[in-house]
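First the proteins, then the strands, lettered A, B, ... as listed; each starts at 1. For clarity, every value in this text was computed on a predicted model and none was experimentally measured.
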There are 2 protein chains.
Amino acid sequence: MATTELAITISDAEWRVMRIVWTLGQADSRTIIELLEQQHDWKAPTIKTLIGRLVKKGALGTTKNGRQFIYTPLIAEQAAMDGALLNELDQMCAMHRGTALVHVMEQTELSKTDIQSLIDCLAQKLPTAPDMVDCDCLPDGCEGSCEP
Amino acid sequence: MATTELAITISDAEWRVMRIVWTLGQADSRTIIELLEQQHDWKAPTIKTLIGRLVKKGALGTTKNGRQFIYTPLIAEQAAMDGALLNELDQMCAMHRGTALVHVMEQTELSKTDIQSLIDCLAQKLPTAPDMVDCDCLPDGCEGSCEP
DNA sequence: CAATTAAGATTACATTTGTAAACGAAGGGA
DNA sequence: TCCCTTCGTTTACAAATGTAATCTTAATTG
């Protein structure tokens, strides 16, 4: 491919802005600022800065509406969520990822439908799953001696 | 409680150092530097800086061993992993977390044991799970109108 | 038409992070 | 004892991030 697709990174604060726009589908700055001023004690200029950075990053698109802009998401919420979580998980020890996911599950509220999807997904993986996933914290042949 | 326990944050680069020390249980800087120089093209001083920052943050402890130090983890790997993932997930829309976890599952290699633990955990949650988890992206009473 | 308001753009500044060079002290070998 | 290798410490510097004031311009209002 020609253009090297480097993933957009969204910072924590910027994530708050994206959530508003994702949820509303589109929004002008007035709306975004009003909603975020309620949730955080951010000043309007702070939020304007975040919006500006997101536009520059290509996470938000703009449409002129008279004097102002209407902002729309240029990246999908679910894809951004999946990517952020996978990134985080991928930088951790492969051997311990499963346990981490168990702990995350335990502490996350899930709908019946979500739970069913997860169970289905897991049931499908089970037959071909390895007995153990090796630690990948050390280079090449160094055995990760991660015993207790 | 007296001391307000503010969680230690470990950056991506620092995470690499922690993984070495977690896996080995303890290590001197020589060992850490040698291992990391293989995995990344980091210079020794870079790795020294990272080690220094982790000590200052309280993530690594030191024991004097002659002229040099032996570094040991002061925080548990699994707890750090769990916390980092939960933090990430918690800043995302509650309604979409389940789907994100499905996608993460699909793309993560898990052992049979892990899968079984996850299924057990999910089966246990199922009876009391809600039919739906509401979107929490907008303040207070604003209904998250997240329909397709 | 003048004064005010609101929207976006520019500038600001401290902290964290990635990445590394330079420096100083302590041991080891000649 | 003197130099060189190591180790840890100090300093460096750009980019990203959190947080915000100021400025410019265009529209609203009297």
Expressed in angstrom and rounded to an integer, what is the separation of [X] atom [atom1] from [N] atom [atom2]?
{"X": "A:Arg30", "N": "D:dA27", "atom1": "CZ", "atom2": "P", "answer": "18 Å"}
{"X": "B:Arg16", "N": "C:dT17", "atom1": "CZ", "atom2": "P", "answer": "17 Å"}
{"X": "A:Ile33", "N": "D:dA21", "atom1": "CD1", "atom2": "P", "answer": "13 Å"}
{"X": "A:Leu54", "N": "D:dA16", "atom1": "CG", "atom2": "C1'", "answer": "13 Å"}
{"X": "A:Trp15", "N": "D:dA16", "atom1": "CH2", "atom2": "C1'", "answer": "17 Å"}
{"X": "A:Leu36", "N": "D:dA20", "atom1": "CG", "atom2": "P", "answer": "13 Å"}
{"X": "A:Lys48", "N": "C:dT10", "atom1": "NZ", "atom2": "P", "answer": "13 Å"}

Just the table, please: protein N/O against nucleotides 18-20 of chain C N/O, every pair under 3.5 Å.
{"residue": "C:dG18", "atom": "OP1", "partner": "B:Asp12", "partner atom": "N", "Å": "3.4"}
{"residue": "C:dG18", "atom": "OP1", "partner": "B:Ala13", "partner atom": "N", "Å": "3.2"}
{"residue": "C:dG18", "atom": "OP2", "partner": "B:Ser11", "partner atom": "OG", "Å": "2.4"}
{"residue": "C:dG18", "atom": "N7", "partner": "B:Arg53", "partner atom": "NH1", "Å": "2.9"}
{"residue": "C:dG18", "atom": "N7", "partner": "B:Arg53", "partner atom": "NH2", "Å": "3.4"}
{"residue": "C:dG18", "atom": "O6", "partner": "B:Arg53", "partner atom": "NH2", "Å": "3.1"}
{"residue": "C:dT19", "atom": "OP2", "partner": "B:Trp42", "partner atom": "NE1", "Å": "3.2"}
{"residue": "C:dT19", "atom": "O4", "partner": "B:Arg53", "partner atom": "NH2", "Å": "3.0"}
{"residue": "C:dA20", "atom": "OP2", "partner": "B:Lys43", "partner atom": "N", "Å": "3.4"}
{"residue": "C:dA20", "atom": "OP2", "partner": "B:Thr46", "partner atom": "OG1", "Å": "3.1"}
{"residue": "C:dA20", "atom": "N7", "partner": "B:Thr49", "partner atom": "OG1", "Å": "3.2"}
{"residue": "C:dA20", "atom": "N6", "partner": "B:Thr49", "partner atom": "OG1", "Å": "2.5"}

Kindly say if A:Tyr71 contacts the phosphate of C:dA7, meaning a side-chain N or O under 4.0 Å from OP1 or OP2. no

Ignoring backbone atoms, test whether A:Ser29 places a side-chain nitrogen or oxygen under 4.0 Å from the OP1 or OP2 oxygen of C:dG8. yes

Donor-acceptor pairs under 3.5 angstrom involving side-chain atoms of residues 77-85 of chain B: please list them, not counting sequence neighbours.
{"residue": "B:Gln78", "atom": "NE2", "partner": "A:His96", "partner atom": "O", "Å": "3.4"}
{"residue": "B:Gln78", "atom": "NE2", "partner": "B:Asp82", "partner atom": "OD1", "Å": "3.2"}
{"residue": "B:Asp82", "atom": "OD1", "partner": "A:His103", "partner atom": "ND1", "Å": "3.3"}
{"residue": "B:Asp82", "atom": "OD2", "partner": "A:His103", "partner atom": "ND1", "Å": "2.4"}

Mind jotting down which residue pairs meet the side-chain hydrogen bond (donor to acceptor under 3.5 Å, both in side chains) criterion with at least one end in residues 121-132 of chain A? Sequence neighbours excluded, please. none

Give the residues of residues 56-70 of chain A touching DNA chain C, defined as any heavy atom closer than 4.0 Å, sorted by residue number. A:Gln68, A:Phe69

Set of residues satisfying side-chain contact (heavy atoms from CB on, under 4.5 Å) with respect to B:Pro45, sequence neighbours excluded: B:Lys43

Which residues share a side-chain contact (heavy atoms from CB on, under 4.5 Å) with A:Gln91, sequence neighbours left out: A:Glu88, B:Asp12, B:Trp15

Result block: side-chain N/O donor-acceptor pairs under 3.5 angstrom for residues 50-62 of chain A, not counting sequence neighbours:
{"residue": "A:Lys57", "atom": "NZ", "partner": "A:Thr9", "partner atom": "O", "Å": "2.8"}
{"residue": "A:Lys57", "atom": "NZ", "partner": "A:Glu14", "partner atom": "OE1", "Å": "2.6"}
{"residue": "A:Lys57", "atom": "NZ", "partner": "A:Glu14", "partner atom": "OE2", "Å": "3.1"}

Quick one: do A:Asp114 and B:Arg97 make a salt bridge, cutoff under 4.0 Å? no

Using the test salt bridge (charged side-chain N to carboxylate O under 4.0 Å, His left out), find all partners of B:Arg30 that sit at least two apart in sequence or belong to another chain. B:Glu34

Residue pairs passing the ring pair (Phe, Tyr, Trp, His ring centres under 6.0 Å) test where at least one lies in residues 34-53 of chain A, sequence neighbours excluded: A:His40-A:Trp42

Do A:Ile75 and A:Leu86 belong to the same hydrophobic cluster, where Ile, Leu, Val, Met, Phe, Trp and Tyr are linked whenever their side-chain heavy atoms lie under 4.5 Å apart, directly or via other members? yes

